[in-house]
Structure formats: C-alpha cells, structure tokens
Amino acid sequence: MRSTVSLWFAVAHRSFRRYSTYRAATFAGIFTNSVFGLIISFTYIAVWKQNPTAGGYDVADAVTYAWLGQAMIMTVAVWSGGATDDLAARIKTGDVAIDLYRPVSLLGWYLASDLGRAGYHLLTRGLAPMIFGALVFDLHYPANALVWAQFAVSVVLAVTVSFGVRMLVSASAFWLLDDTGVKHLAAVFAMFFSGLAVPLVLFPGWTSDVAQALPWAAYLQVPADIWLGKHQGLDALAAVGFQVLWTVVLLLTCHLVLARANRKVVVHGG
Amino acid sequence: MSVIEVRGVDRSFVVRRRSGRLRRASTTVHAVRDLSFSVEAGEMVGYIGPNGAGKSTTIKMLTGILVPSAGSLRVAGYTPYAERAALAQRIGVVFGQRTTLWWDLPLRDSYDLLRRIYRIPADRYRENLDTFTDLLGLGPLLDTPVRQLSLGQRMRGDIAAALLHDPDVVYLDEPTIGLDVVSKSNLRDFLRETNRERGVTVLLTTHDLVDIERLCSRVMVIDAGRLVFDGSLEGLHGLGEARRTLVVDLVEPARRSTYPTRRRCGSTGRDSGWPSLPRPAPRRWSPPSLPPTRSPTSPSWSPTSRT
C-alpha cells in the first residue's frame, strides 16, 4: 500500500516536471489568460453596471469570478488536455498495450499523472494571471484560513471531477479509435456548464439549478463560490460534498468502462 | 521445467467490413491456429515468419494482453490473461517499434518509475542499473530525455528497462529493427551475454535471420498462423531445397563441357538471408490469379462501381 502511494507521488512528480520543461508555452499561455481575463472583466463590469446584483454577485465578485475562471481553465483542463489526452493518443497508436501489461492500475496511473499536471498549471497558468488580475482590479479574497483550506480542497476535487469526465471521453477511443469528435462535443458542454462562458448563477430560473447539479459545476462554479464566501459553514461542506459525490460517481464509471475496454481489447482483440 | 507452455492455442478475430450500403459482413480471421510449443528455462528461441503470420499475436497472448480463443498457455507457472499482474513481475517485453520509456523524461526517471512499478529492491535495482549502464553504454544518456535519443540509443534504453526487474522470460519483438550493423552486433553480444550470465529465457521475434544465427540454437517458423518448423537452424537450412537458378551470359561462346549453362546449383540459403521453403517445381513467373473482371461489389476505387 505504501509503495503504491509512493508510486503515485512519483508519477505526479514526474508529470509536473514534464510539463515544466515547456516554458515558452507556459509564458504564452499566461499572456493569453491575462488578456482574456481583461476582456471578460470589462464585459462583466458592463453587465453588472446594468444589474448590480445579478446572480447574487456584486461587481467585485463578478470580476473576481472572471479571473478565477482564467486561473481554472488549464488547472482543471476545462476543454481537454492533460494526461487523458495522452491515453487517447496511446490508444490510437496501440501503445496502450504497454500500459496494459504493467502491474499497475491504468486509472490510478493517469489520475496521478493528471494531478501532477494540474499542480504545475495551478502554480503557473493559475497563479500568474490571478496576480495580474489582482494588480489591475479590486478583487475579493477568501475571508479566512478556513475558506482558503476549503478552496484548496475544492480545487483538487475540481480536477478529479474533470479528470473523470475527460477519462470517459478518452476511453471512447477504445471503441471509436479516435476521440476527436467526442472531445469537441465534451468541450462545448464543459465550456457552457462549468460557468466559464457565463456564471451558472446567471442562468435563468430552473436552468441554473439544473446546471448547478451537473458535474461541470464542480469545475469552476463551486470553487469560485467557496472563494467568494457564497457558501458558509454547512453550505460549504455540502458544496465540497457535491464535488466528492461526482468524483466518486465518475471514477467508478471510469473504472467500469476501463474494465470493459480492457475486456474488449484482451478478449476481442484491439 | 518448461517456462513457456503453449498447447493447442487458437486465436481468431472477427473483422467487419461494409458489404453494402448498410450491411456489414463479418469474417473470422484466424491469426493463430492450433499452436503448440514449449520453451525450457534458459533457452533462446527465435520466432520467425512473414508479416501477419501471427508472431505478435502470440507474444500478446504470452504477455496476457490477449486471451486465446482456444487452447491453454502457461508462462512461468501463470496463466497469462488470468494472472497478468503477477506474470508481469516475471516477464520483460521489448517492442522494437514502440517504447516502454516515457517520452519527455530523462532515461533515469523512466528507470526510477519502473523500480517503483515492479517494486525492485533498492540494492538489486542499483546493481542491475550499474551493470546495464556499463554493458549498454548508457552512462552519458541517463540524463537525456527519451525523445532526444537516437533509435539505437533508445533501443538500448528499452532493453535495459525490460531487464531491470530480473524477469525470468523476456520477449523481444523485433529488437534490432532499424538499427545499423554495428548497433545490431553490439545488441546481440549483450543479449547473448545476458542469456548466459542470468539464465534469462528469451523469445526473439525478428525479420533479420542474422539475429537468429548469432543468438538462437532453436528456431520456430510460423506461417499463416501455423507452426511450420520447430528445430535447429541447421535443420531449417536443410529443410528447404534452397536452390536458385543461376543464368550466366558469356561474352564469348565457350565449350559446353567447360561452362554448362542453366544448370541448377545447390545453395545453403545462408547468403540469401531467408531460406526458401520446399517448392514443388521450379517456379515460372505467372500473373497473380486475379479474377478477370471485378464484380460490382468491389471496393469503391473501381470506376465501374461509381454509378
């Protein structure tokens, strides 16, 4: 058990290092995130000027939300990317055979690898645009250490939920041989229902409730609301519980799907 | 004791293809039929045959990533597909056309991950790594990311990776593919040495008969999914008539008794690289037996079917 945990840490660490070798890409990405952060901030300022309490946010909440969104895009890998893309590529080339004969769990391996990647993206593509946003605008910050801790947990869970969704998309390549189509479709859903395009709290009436029950809400809306102090006390616990629930459901589904994929490859030939 | 036991193994795949606008026809392709052989501990066996003969399918079944359709397999006392994780500790695999290393990581990091995957005791790991670094000349490469290694360097890295956890059996699937003459020769020396020193059982798939000549005392030939030969290399050479016709055009006419023309000469087949299998009669070239006209259901590239 201890050696397994140390393996996952080693995998996460190597994955972190792997992404850190591409510095130019990181700087270009930070620049892009910052520019988009500016554009969205000014858009939100205009919207909240018209309706200063839209979605229960004030204008500073909204601008903070915009920068949190930019910080989370790569950390959570909203559209796609990360370790799951490696898996899809390996299925396409057949290299997945090598992963299959190793005495380690495919799901554990890729999850560890994706968490390592997310760690790198949080410290670079997450933190840097956030600091830039903080220098330009007046933002809201977590009120106390407890909220910071809740936010930290919530970010990790945001990554695991997103990993679960992306893993299912990548695993479709076992049947379709190429996951590009599914990936594009999933990206549109994620973009819309994570609250990256428009905060879910702005959705009209019941659509907001539905959107906030879907797994994509765990990507951005939930961590952002924890940061902004919209969830307090038990409510914060429930919000984190919501993410835990989706993590468990999705990882279990991944486990079953991978077992089936494994069976398909092993029994029916790949 | 046999390390590898294969008894009456069959493996078929169902291939579906479009046979009409919506209809799909299923055909069963037998990749391997009624395959039986056993390999003793410490043997080094060559496994050869043309492309598509079933070599890789056999190796996949022996690693446990394919389940046989019929028959039984045992490797190092395990049933591969049922006990894949346990078996993985006892086998090493090198796929010449794929890498088991991590593309963006230095070689050393790949090895460290393998140490954790296979739970190799620290001292044993260090000892093996030192040995292989020395024998394969990996020293200057250990801190280079795998993506920057040349093919020959990467292959050496891959072979060391397959042996780090002291496997009993190693499958080498075309380990010398794409390597130059010197690299091939060095690799063979290393493999022979490893087989002798460590008593590792080696099953070697290759298209290069020199690999077999230099390394294996035993060859198995597979063709169209069936084992057609299992024995010594000399036996394989002796099997075919391995004759070729030598036509000599002379500048000046010569006396018949001195230069007989169109006489068939015996050959060992050694220089051809690939021994010819027995033939019923001297072959004359004739056009491949294609149907004279294409049926309307032929593939869409045929202009007649585009209506």
Side-chain angles (χ1 to χ4, degrees), chain A residues 1-23 25 82-83 85-87 89-106 108-110 112-113 116-117 120 174-175 177 258-259 261-270, chain B residues 11-15 29 31-32 56-57 59-69 80-95 97-106 108-110 112-121 145-148 158 161-162 165 171 173:
Chain A
M1 187 60 213
R2 239 188 72 220
S3 60
T4 310
V5 172
S6 96
L7 170 66
W8 299 151
F9 269 103
V11 171
H13 173 217
R14 296 288 144 57
S15 176
F16 184 101
R17 284 242 317 259
R18 186 185 143 196
Y19 279 88
S20 69
T21 50
Y22 301 102
R23 293 211 190 108
D85 274 18
D86 300 343
L87 176 66
R90 287 175 76 81
I91 295 169
K92 216 188 295 183
T93 59
D95 283 350
V96 72
I98 291 162
D99 298 338
L100 287 178
Y101 92 85
R102 289 207 168 106
V104 290
S105 135
L106 204 64
W109 180 280
Y110 279 97
S113 173
R117 172 207 63 77
Y120 175 73
F174 275 112
W175 287 270
L177 297 182
L258 287 178
N262 189 6
R263 218 182 102 76
K264 177 195 161 348
V265 171
V266 169
V267 179
H268 302 291
Chain B
R11 174 69 225 201
S12 54
F13 298 97
V14 177
V15 179
V29 178
V32 167
S56 294
T57 304
I59 297 225
K60 278 181 185 157
M61 288 193 287
L62 289 173
T63 51
I65 52 181
L66 264 185
V67 180
S69 309
Y81 54 91
E83 300 163 290
R84 194 163 70 199
L87 177 69
Q89 295 282 350
R90 311 284 298 274
I91 60 171
V93 188
V94 175
F95 297 101
Q97 318 216 41
R98 306 185 190 287
T99 180
T100 54
L101 305 165
W102 286 271
W103 206 240
D104 292 304
L105 295 179
R108 192 191 296 280
D109 286 33
S110 279
D112 183 61
L113 282 175
L114 288 169
R115 172 176 74 79
R116 291 164 196 273
I117 291 174
Y118 291 101
R119 294 170 193 179
I120 309 167
V146 173
R147 66 182 132 83
Q148 289 173 13
D158 255 311
H165 59 290
Y171 308 121
D173 195 355

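The chains referred to below are lettered A, B, ... by the order of the sequence lines, with proteins before strands, and numbering in each begins at 1. Below, all heavy atoms of this structure are taken into account, side chains as well, without hydrogens, waters or symmetry copies.
For B:P80, the side-chain contact (heavy atoms from CB on, under 4.5 Å) partners at least two apart in sequence or on another chain are B:L73, B:V75, B:L87. Applying the side-chain contact (heavy atoms from CB on, under 4.5 Å) criterion to B:T100, with sequence neighbours excluded, gives A:I98, A:Y101, A:R102, B:D158, B:A161.
Contacts between B:L113 and chain A at a heavy-atom distance below 4.5 Å involve backbone atoms as well as side-chain atoms. Looking at B:T57, there are no atoms closer than 4.5 Å to chain A (heavy atoms on both sides), in backbone or side chain. For B:W103, no part lies under 4.5 angstrom from a heavy atom of chain A. When heavy atoms are compared at a cutoff of 4.5 Å, A:Y22 approaches chain B solely by way of its side chain, counted from C-beta outward.
Taking B:Y118, B:Y81, B:F95 one by one and counting their heavy-atom pairs under 4.5 Å with chain A, the maximum is reached by B:Y118. Contact count versus chain A (heavy atoms, under 4.5 Å) is highest, among B:M61, B:R115, B:R84, for B:R84.
Between A:P103 and B:A88, the closest heavy-atom pair is CD-CB, 3.7 Å. In terms of heavy-atom proximity, A:L7 sits nearest to B:R116 at CD1-CB, 3.5 Å.
Rounded to the nearest 0.5 Å, atoms CH2 (B:W102) and OG (A:S113) are 10.5 Å apart.
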Starting from the C-alpha separation in whole Å, work towards a yes-or-no answer on side-chain contact (heavy atoms from CB on, under 4.5 Å) for B:D112 and A:R14. CA-CA 10 Å; B:D112 183 61; A:R14 296 288 144 57; 3.2 Å; yes
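Between the side chain of B:R98 and the backbone N or O of A:T93 there is at least one donor-acceptor pair closer than 3.5 Å.
B:D109 and A:R17 are joined by a salt bridge, as a carboxylate oxygen and a charged side-chain nitrogen come within less than 4.0 angstrom of each other.
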